[in-house]
Undergrad: 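Pasting a structure here, questions to come.
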Amino acid sequence: MFYNEALGDALRLEMERDARVIVMGEDIAEHGGAFQVTAGLLDAFGPTRIRQTPISELGIVGAAVGAALTGLRPIVELMYVDFAGLAMDQLVNQAAQNRFMFGGQARVPMVMRTQGGSGRGNAAQHSKSLEAWFTHVAGLKVVMPSTPADAKGLLTSSIRDDDPVIFLEHKLLYRTKGQVPTGEYLVPLGKADVKRAGTDLTIVTWSREVLFSLEAAEKLAAGGVEAEVIDLRSLVPLDRDAVLASVRKTHRLLVVHEAIKRGGFGGEIAAMVAEEAFDDLDAPPRRLAGLETPIPYAQHLEKTVVPQVDDIVRVARELVA
Amino acid sequence: MFYNEALGDALRLEMERDARVIVMGEDIAEHGGAFQVTAGLLDAFGPTRIRQTPISELGIVGAAVGAALTGLRPIVELMYVDFAGLAMDQLVNQAAQNRFMFGGQARVPMVMRTQGGSGRGNAAQHSKSLEAWFTHVAGLKVVMPSTPADAKGLLTSSIRDDDPVIFLEHKLLYRTKGQVPTGEYLVPLGKADVKRAGTDLTIVTWSREVLFSLEAAEKLAAGGVEAEVIDLRSLVPLDRDAVLASVRKTHRLLVVHEAIKRGGFGGEIAAMVAEEAFDDLDAPPRRLAGLETPIPYAQHLEKTVVPQVDDIVRVARELVA
Amino acid sequence: MDKATALDLYRVMRRIRDFEERATVLFGEGKLWGTIHSYAGEEGIAAGVCAHLRDDDWITSTHRGHGHCIAKRADLGRMYAELLGRETGYCRGRGGSMHIADTSKGNLGANGIVGGGIPIATGAALTAKQLGTDQVAVSFFGDGAANQGAFHESANLAAIWKLPVIYVCENNQYAESLPVKNAFAIEDISRRAEGYGMPGVRVNGRDVRAVYDAAGELIARARRGEGPAFLVADTYRHEGHYYGDPRKYQTKDEIEGWKARFDPLVDTRAWITDAKLATTAELDAIDAEVIEEAKAAVAWAEAGPPASPISLPGDVYASY
Amino acid sequence: MDKATALDLYRVMRRIRDFEERATVLFGEGKLWGTIHSYAGEEGIAAGVCAHLRDDDWITSTHRGHGHCIAKRADLGRMYAELLGRETGYCRGRGGSMHIADTSKGNLGANGIVGGGIPIATGAALTAKQLGTDQVAVSFFGDGAANQGAFHESANLAAIWKLPVIYVCENNQYAESLPVKNAFAIEDISRRAEGYGMPGVRVNGRDVRAVYDAAGELIARARRGEGPAFLVADTYRHEGHYYGDPRKYQTKDEIEGWKARFDPLVDTRAWITDAKLATTAELDAIDAEVIEEAKAAVAWAEAGPPASPISLPGDVYASY
Ligand SMILES: Cc1ncc(C[n+]2csc(CCOP(=O)(O)OP(=O)(O)O)c2C)c(N)n1
Ligand SMILES: Cc1ncc(C[n+]2csc(CCOP(=O)(O)OP(=O)(O)O)c2C)c(N)n1
Ligand SMILES: [Mg+2]
Ligand SMILES: [Mg+2]
C-alpha cells in the first residue's frame with residue numbers, strides 16, 4: 001500500500017469509529033487533496049465531515065482549535081508546511097497553550113496534518129522542513145512517519161491523542177510502498193523504531209532521510225561498516241532511551257535531517273547525546289543536514305542542498321575512520 | 001543611559017541620517033511604544049515616519065517587506081515576539097527568501113524589532129523567547145543585545161544592514177542602565193563579546209541571561225571558579241570562533257538561555273562545540289534553559305521555569321566538579 | 001422589558017463594575033501581578049449579550065475579559081483567586097487576568113492575542129452545527145481586533161457555512177492609544193458585514209437595553225440555524241487601556257466629557273426607576289448584595305493556597 | 001480606443017497565450033521542473049491593467065504569474081530561461097515559474113503564497129507615498145486570495161493611509177478545486193471594498209476593453225493621490241489549475257461552455273476588426289511576429305548555461 005493510501009486508510013477508519021472526527025482543509029473534497037490522501041472520503045462521509053475550506057489558514061486552524069475545545073476531534077490538512085507561518089498563532093498561542101493557561105480545564109484534541117520537504121521542484125515556498133519550530137513549542141506533539149505502516153499507525157494514535165499533534169508528512173514519501181496492517185492499527189507516539197540494527201555507528205534520522213539512511217547503510221555494509229538506523233518517528237515526545245541505548249552500543253552518532261542545519265532538531269539530538277552519553281562517544285557527534293539556504297528550483301540544484309545517500313555514506317565513513 | 005533610551009537614541013540618529021528610515025508599529029506614536037523606545041520620535045519626525053498602525057501584524061510586516069524592496073529602510077516594532085506567529089509568513093516566505101528566490105535581484109533592508117522573555121507576570125502569550133525559530137530560517141539575521149551600549153550599536157548596524165534582521169529585546173532589560181557612547185556608534189553583527197574573562201568554564205549565553213550569568217560568575221569566583229561569560233549578541237551570524245576559542249581554553253561549556261530547552265538554540269551551540277572541539281572538552285557540554293512549559297502567571301511560579309542566577313551557579317559547579 | 005430581566009442586567013453590570021474597582025484596588029495594593037484591563041464603562045455590552053446565552057453556549061473573550069466572564073456567570077471567588085495567583089483560581093494561577101476561562105459555563109477564555117478568540121468561537125459554532133445542537137457561540141472583541149486577518153477569515157468561514165456565531169465588536173474608540181478614526185477609513189464598522197454576506201448591526205453599546213434587544217434577535221436567529229451576524233456596539237472605556245496607562249493620547253476634556261455623557265450603571269438605574277420597574281431602594285439593595293458577595297469572594301480567594309508548583313508534563317500535556 | 005493601444009493590448013495578450021502554450025509543450029517534453037499554472041483565458045486582465053503602468057510602477061503577482069510578468073514588459077528569453085533552470089533566467093534558476101521577478105521593470109515577483117503579494121504591493125505604495133512620487137502599485141491576486149487575512153489587513157492599511165495601490169482580484173471562478181460560490185456568501189466580491197472605505201469596481205475580465213477602462217480610471221485616481229481601489233475582474237481559467245490537473249471538480253460541459261462563450265484572443269481580434277482599427281492581416285502579422293519572437297526566446301534560453309551552483313552565504317545574504 002502507498003504511504004498516502006495508508007494515511008487515507010487511517011482517516012477512514014477513525015472517521016467510521018468516531019463521528020466527532022472531521023477533516024478540514026483546502027482541495028480535500030472532489031480533488032482528494034493535493035497528495036490524494038483524502039481521495040474517496042468525500043463520497044464516504046459527505047461535505048460536512050470532509051469540509052473543504054477557502055484559503056484561510058489562520059481561520060481554519062483556529063476553527064479547529066475551537067472545535068476541539070468544544071467536543072470535535074478535527075484534523076486539519078495544511079497543504080504545505082511552508083504555509084504554517086500563517087497559522088502559527090493559533091497553533092502556538094492557542095492550541096498548544098490552552099490546557100496550561102486554563103489550569104487544565106481544556107483539552108485540544110486536534111491534528112494538523114501537513115507535508116514538507118524538497119525534491120519536486122516546488123522551490124523555496126513549497127519545500128521547507130520546519131519540524132524544529134514545532135518541537136520548540138511547549139504543548140505540541142510532533143510526528144514524522146517514514147513508512148506507510150508508521151504513517152497509518154501514528155496517524156491513528158495522533159487522532160486519538162488528547163493533545164494537539166503536528167503530523168508532518170513528506171511529499172516524496174506519498175508514493176512509496178510498504179506492507180500495512182489492515183484494520184485498526186496503532187503505533188504509539190514517543191517510540192522510536194530501529195529500522196536497521198548495526199554495531200559501528202548510530203544514525204538518528206526521520207522522515208524521508210530514513211530511506212536515504214537505510215540505502216546508505218547498505219552501501220556502508222558493503223564496505224564492512226554496520227550502521228544502526230534509528231527512525232525517531234515522533235520528535236515530541238522524544239524516545240531518548242532508544243537513542244542513548246544505541247549510542248552506548250555503537251559509540252558513534254550521526255544525525256541526519258533534511259531541514260537546514262542551523263537551529264535544526266539535529267542540534268537537540270547531538271547536544272542531548274553529548275550531554276548524556278559523553279563518555280560513551282568514541283568520536284564527535286556529527287550532524288548532516290540541509291544547507292542554510294532556501295530550496296532552489298532548478299532540478300540539478302535542488303539535490304545539492306539537502307543530504308543525499310552518498311553524503312550520508314561519506315560522513316559515516318569519516319565518523320568510523 | 002537606559003537600554004530603551006539607547007535604542008531610541010539609535011533610532012533617532014539613523015532617522016536623522018537617512019530619510020528612508022521609517023518606523024511602523026502599534027502604540028509607537030503619542031504613547032511612545034509599549035516600552036517607551038520610540039518616546040519623543042513622533043514629535044521629532046512626525047506621523048509619516050513614525051507610522052502608528054492598526055493591529056494587523058501580517059499586514060504591517062508585509063508592508064515593510066514591500067517598502068524595503070522598493071527603497072525604504074523600514075523598522076517594524078512588533079510589540080511582543082509572541083505575536084510573530086501572525087507575521088511569520090511575510091518574514092519567512094517573503095523577507096528572508098526574496099533575495100535568493102529572485103536570484104539576487106532583490107534586497108530587503110528591514111528590521112523587525114520586538115521583545116520577549118518572562119518576568120513581568122504577562123503570562124503565556126506575552127513572555128515567550130522565540131529566537132530559535134528565526135535562527136532556523138535561511139535569510140534572516142538574529143540579534144539579541146544584553147546591554148544598553150550593545151543595544152544602540154547593534155540596532156544601528158541592523159538598520160544599515162541590507163538583509164532582514166530580527167532584533168530581539170527583552171522586556172526586563174529596558175530599565176537596565178549602562179554607559180552608552182554618544183553619537184554614531186556601531187557594533188558589528190556576528191561578533192560575540194567576552195563579557196567576563198575566565199579560565200575554568202565557558203558560559204555561552206545571550207539577552208537577559210547574560211546578566212544572570214555575570215552575577216553567577218561573581219558568586220562562582222567567590223568559590224574560586226572563574227567562569228568566562230560569552231555574550232553571543234547575534235545568533236545569526238554566529239561567532240563560532242569566539243565560542244570555540246573560549247572552550248579550547250576552559251575545556252568546559254555551559255550554554256544558558258531563557259527559551260525552552262527542547263529545540264532551543266542552545267542545542268545548536270552545544271552540538272557545534274561537541275562536533276568541532278570534542279577533544280578539548282573535559283566534561284559533557286551542558287545546557288541550562290527554560291522548562292518545557294508556557295510561562296505561568298503567578299509571581300512565585302514564573303521564576304521557577306526559567307534559569308535563575310543560583311541555577312547557573314549550581315550547574316556550573318557540577319560542571320567543574 | 002420585565003422586572004426580573006432588568007434587575008438581572010443591572011446586577012450583572014454592578015458585579016462587573018464592582019469587580020473592576022476592587023481589582024484596581026488589589027492591584028494598587030501590590031497583590032496582583034502582570035497587568036489588568038478595566039471594562040468599566042462597557043458593562044452593558046457583556047450583560048446585554050450574555051443575558052441571552054445558556055450555560056452550554058460558548059463565548060470567547062479578550063484581554064479585557066472580566067466583564068464577559070462575570071456576565072457568563074463565573075464564580076467571583078475563583079476569578080479573584082486567579083488574579084491573586086491561587087491554586088483555587090480558575091486557571092490554578094497559571095493564566096491570570098488575561099487568560100481566565102470557565103469552560104463549565106462555556107467561557108472558552110480571555111485571550112492575550114488581539115483577535116485570537118475569533119477563530120475559536122467560529123470553531124465552537126462549527127461544533128454546534130456539526131452535532132446538530134442549537135447552541136450558539138459569541139465572540140467578543142474590540143475595534144482593534146476588527147482589523148486582524150483572523151476576523152476576516154473567520155467571518156467568511158462562518159458566512160459560507162452558516163455557523164451559529166455572533167461577532168460582537170466592542171468599539172470603545174481606541175485600540176490602546178490608536179483612535180478608531182485613524183484605524184478605519186469607514187465610520188460604521190458594521191458595514192464590513194456586507195462583504196461577508198451576514199447582517200451587520202450597530203447599536204449604542206452604552207445603553208444595555210439597545211444591546212439586549214439587538215443581541216436577542218441575532219442570537220435567536222443563529223439558534224434557528226440562520227447563520228452568523230456582526231454586532232458593533234459603540235462605547236467608550238472609562239479607564240486607561242491598562243492599569244497605570246498615562247493616557248497621553250487623550251485629553252482630560254475628552255475623558256470627562258464621555259464620562260459626563262454616560263455611565264452605564266447610573267443610566268441603567270435611571271431607566272429602571274423611570275420605568276417604575278424597581279425603586280431606588282431595590283437597586284441599592286442589589287448594590288449591597290453585590291458588595292457583600294464580592295467581599296466574601298475576595299476573602300475566600302485570599303484564603304486560598306498559592307498556586308501549586310508547575311508539574312511537567314502534566315500541566316502542559318493531557319498525556320505524554 | 002486608438003489603434004496603437006488596441007494593437008498593443010492584442011500583442012501582449014497574444015504573447016501571453018503563446019507563452020502559456022509553449023511552456024505547456026516544454027513541460028510535456030519534460031524540460032521543465034516543478035509545476036506551472038496557465039493564465040490562458042485571463043490575458044485581458046494583465047494586459048488591460050498593465051497598459052496603464054510605467055516601468056517604475058510596481059506589481060506583485062501570483063503563482064499564475066506569467067501573464068502579469070509579460071504584460072509588465074519582461075524579456076521572454078529570460079522567462080523561458082528561468083523555467084528551464086538556466087543561469088540566464090530572471091532568478092538564475094533559483095526561483096522557477098512561481099517566483100519570477102523582474103525588479104528592473106517593477107515586477108516584485110510572482111508568489112507561491114496565496115495572498116503573499118498583497119501586503120508587499122501595499123508596502124511598495126507606501127514607498128511612493130513616503131518619497132512623494134506619483135508611482136503606483138498593483139497587486140494581482142485571485143478570488144481565493146481575497147479570503148486571506150493578508151487582503152483584509154492590507155486593504156485597511158491602504159485605505160487609512162490613502163496609499164496608491166490597486167488590488168486587482170482575478171475571479172476565475174475557482175481556487176484550485178473550490179468554486180467561488182462555496183468560498184463566498186456574496187455574489188459580488190467587489191462589495192468588500194465598502195468595508196474598507198475604498199471604491200470597489202467589478203468588470204467583465206473577459207473583455208480587455210472593460211478592464212482597460214476601469215483600471216485606467218482607478219490607476220489615474222491613485223496617481224493623483226486619491227487612494228487605493230479594489231477592482232474585481234470576472235473571468236474563467238481555460239486550463240486546469242496546474243499542468244496535469246484532472247479537473248474532477250468541473251464538468252466537460254462547463255469547461256466547453258465557457259470556452260465557447262469567450263476566448264480573449266478571438267474576441268479581441270473580433271472587436272478590433274469590427275471597429276476597423278486594424279485588418280485581420282495586420283493581426284495575423286502580429287501573431288507571426290509574436291511567434292518568431294517566442295521561438296527566438298526559447299532558442300536563446302535553451303542555449304543558456306545551467307544555473308550555477310548555490311553559493312553561500314552570497315546567494316542568501318547581501319552581506320554576512
Ligand atoms: C496580536 C496582538 N497584537 C497586539 C497586542 C497588544 N495589544 C493588547 S490590547 C491592544 C488593543 C486592543 O484594542 P481593541 O481590540 O480595540 O480592544 P480594547 O483594548 O479597546 O478593548 C493591543 C494592540 C496583542 N495583545 N495581540
Ligand atoms: C497560503 C497558501 N495556501 C494555499 C496554497 C495552495 N494553492 C496554490 S494556488 C491555490 C488556489 C488559489 O486560488 P486563487 O487565489 O483564486 O488563484 P487562481 O489559482 O484561481 O488564479 C491554492 C489553494 C498556497 N500556495 N498558499
Ligand atoms: Mg478598542
Ligand atoms: Mg481563482
Side-chain angles (χ1 to χ4, degrees), chain B residues 25-34 36 38-40 42-43 47 51-60 62 79-80 82-87 89-90 118-128 171 260-262 290-306, chain C residues 31-35 63 82-87 89 91-100 110-116 142-152 175-180 182-184 241-242 245-250 306-313 315-317 320:
Chain B
E26 296 157 11
D27 231 26
I28 63 171
E30 289 81 1
H31 188 66
Q36 297 300 297
T38 57
L42 177 66
D43 298 338
R51 285 204 175 254
Q52 174 140 307
T53 68
I55 309 169
S56 305
E57 283 77 10
L58 181 63
I60 298 160
M79 201 180 285
Y80 286 75
D82 305 69
F83 311 155
L86 292 161
D89 179 65
Q90 285 292 326
S118 60
R120 277 195 358 160
N122 295 140
Q125 293 176 338
H126 290 72
S127 304
K128 282 190 282 296
K171 56 176 68 60
I260 70 170
K261 184 177 183 181
R262 184 181 69 211
L291 300 183
E292 269 109 40
T293 173
I295 302 296
Y297 158 73
Q299 189 161 18
H300 66 283
L301 295 182
E302 196 175 12
K303 282 191 174 53
T304 67
V305 300
V306 300
Chain C
K31 292 179 176 169
L32 303 195
W33 184 224
T35 176
H63 55 285
E82 187 58 32
L83 267 52
L84 290 161
R86 307 302 161 110
E87 185 68 11
C91 307
R92 303 177 48 230
R94 278 121 175 90
S97 169
M98 237 182 333
H99 301 299
I100 298 182
N111 210 306
I113 300 300
V114 168
D143 45 281
N147 283 326
Q148 283 283 31
F151 167 71
H152 180 70
E176 293 209 347
S177 64
L178 180 70
V180 279
N182 297 355
F184 295 85
H241 171 65
Y242 60 96
D245 181 355
R247 305 181 82 166
K248 295 186 206 129
Y249 51 91
Q250 294 169 321
S308 59
I310 301 302
S311 108
L312 301 178
D315 280 355
V316 179
Y317 292 95
Y320 199 80

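What you are looking at is a predicted structure, and each value in this text was computed from that prediction instead of being measured. Per chain, numbering begins at 1; letters A, B, ... match sequence-line order.
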Undergrad: Looking at Lys248(C), I'd like to know if its NZ atom is crowded, meaning that more than 12 non-hydrogen atoms belonging to other residues, nucleotides or ligands lie closer than 6.0 Å.
TA: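 Atom NZ in Lys248(C) is crowded, with more than 12 foreign heavy atoms closer than 6.0 Å.
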
Undergrad: Tell me, out of Asp82(B), Leu301(B), Asn122(B), who's got the most heavy-atom pairs with chain C below 4.5 Å.
TA: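 Max contact count across the listed options: Leu301(B).
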
Undergrad: Pick from Ala175(C), Pro306(C), Ala183(C): which one has the most heavy-atom pairs with chain B under 4.5 Å?
TA: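 Ranked by contacts with chain B, first place is Pro306(C).
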
Undergrad: Relative to chain B, which segment of Asn147(C) carries a heavy atom at a distance below 4.5 Å: side chain, backbone, both, or neither?
TA: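 Both backbone and side chain of Asn147(C) come within 4.5 Å of chain B.
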
Undergrad: Please classify the contact between Gln299(B) and chain C as side chain, backbone, both or neither, with a heavy-atom cut-off of under 4.5 Å.
TA: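 Contact with chain C: backbone and side chain both.
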
Undergrad: Nearest 0.5 angstrom please: Arg120(B) CZ to Trp33(C) CH2, how far?
TA: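 The CH2 atom of Trp33(C) is 8.5 Å from CZ of Arg120(B), to the nearest 0.5 Å.
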
Undergrad: So, taking the atom named NZ in Lys31(C) and the one named CG in Leu84(C), what distance separates them when rounded to the nearest 0.5 Å?
TA: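 Between atom NZ of Lys31(C) and atom CG of Leu84(C) there are 7.5 Å.
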
Undergrad: Looking only at heavy atoms, which two atoms of His126(B) and Phe83(B) are closest? And how far apart?
TA: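 Heavy-atom minimum between the residues: NE2-CZ, 3.5 Å.
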
Undergrad: Between Ser127(B) and chain C, with a heavy-atom cut-off of 4.5 Å, which part of the residue counts as in contact: side chain, backbone, both or neither?
TA: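 For Ser127(B), no heavy atom lies under 4.5 Å from chain C.
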
Undergrad: Counting only heavy atoms closer than 4.5 Å, note whether Tyr242(C) contacts chain B via side chain, backbone, both or neither.
TA: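 The side chain, not the backbone.
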
Undergrad: Between Ser177(C) and Asp27(B), do the side chains contain an N or O donor and an N or O acceptor separated by less than 3.5 Å?
TA: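 Yes.
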
Undergrad: So for Leu86(B), is it side chain, backbone, both, or neither that comes closer than 4.5 Å to the heavy atoms of chain C?
TA: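 When you check distances to chain C, only side chain atoms of Leu86(B) fall under 4.5 Å.
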
Undergrad: State the OG1-CG distance between Thr304(B) and Leu291(B), to the nearest 0.5 angstrom.
TA: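 Spacing of OG1 (Thr304(B)) from CG (Leu291(B)) equals 7.0 Å.
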
Undergrad: Given heavy-atom pairs under 4.5 angstrom as the criterion, report whether the side chain, backbone, both or neither of Pro246(C) touches chain B.
TA: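 Side chain only.
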
Undergrad: For Ile310(C), is it the side chain, the backbone, both or neither that has a heavy atom under 4.5 Å from a heavy atom of chain B?
TA: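 It is both, since atoms from each part get that close.
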
Undergrad: Side chain, backbone, both or neither: which part of Glu57(B) has an atom under 4.5 Å from a heavy atom of chain C?
TA: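 Interface part for Glu57(B): both.
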
Undergrad: Rounded to the nearest 0.5 Å, how far does CD of Glu30(B) lie from CG of Leu178(C)?
TA: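 Here the interatomic distance stands at 9.0 Å.
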
Undergrad: Classify the ring geometry of His241(C) against His63(C): parallel below 30°, tilted from 30° to 60°, perpendicular beyond 60°.
TA: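 If you compare the ring of His241(C) with that of His63(C), the planes turn out tilted.
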
Undergrad: Go through Asp245(C), Asp143(C), Thr35(C), Asn111(C) and name the one with the most non-hydrogen pairs under 4.5 angstrom from chain B.
TA: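 When all of Asp245(C), Asp143(C), Thr35(C), Asn111(C) are compared, Asn111(C) has the most.
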
Undergrad: I'd like to verify something: which residue of Ile55(B), Thr293(B), Val305(B), Ile28(B) has the highest number of heavy-atom pairs under 4.5 Å with chain C?
TA: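 Maximum pair count with chain C is reached by Ile55(B).
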
Undergrad: For His31(B), which atoms come within 4.5 Å of any heavy atom of chain C: side chain, backbone, both, or neither?
TA: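 His31(B) touches chain C through backbone and side-chain heavy atoms alike.
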
Undergrad: Just verifying a value: how many Å separate Ser311(C) OG and Arg92(C) CZ, rounded to the nearest 0.5 Å?
TA: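 Ser311(C) atom OG to Arg92(C) atom CZ measures 7.0 Å (nearest 0.5 Å).
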
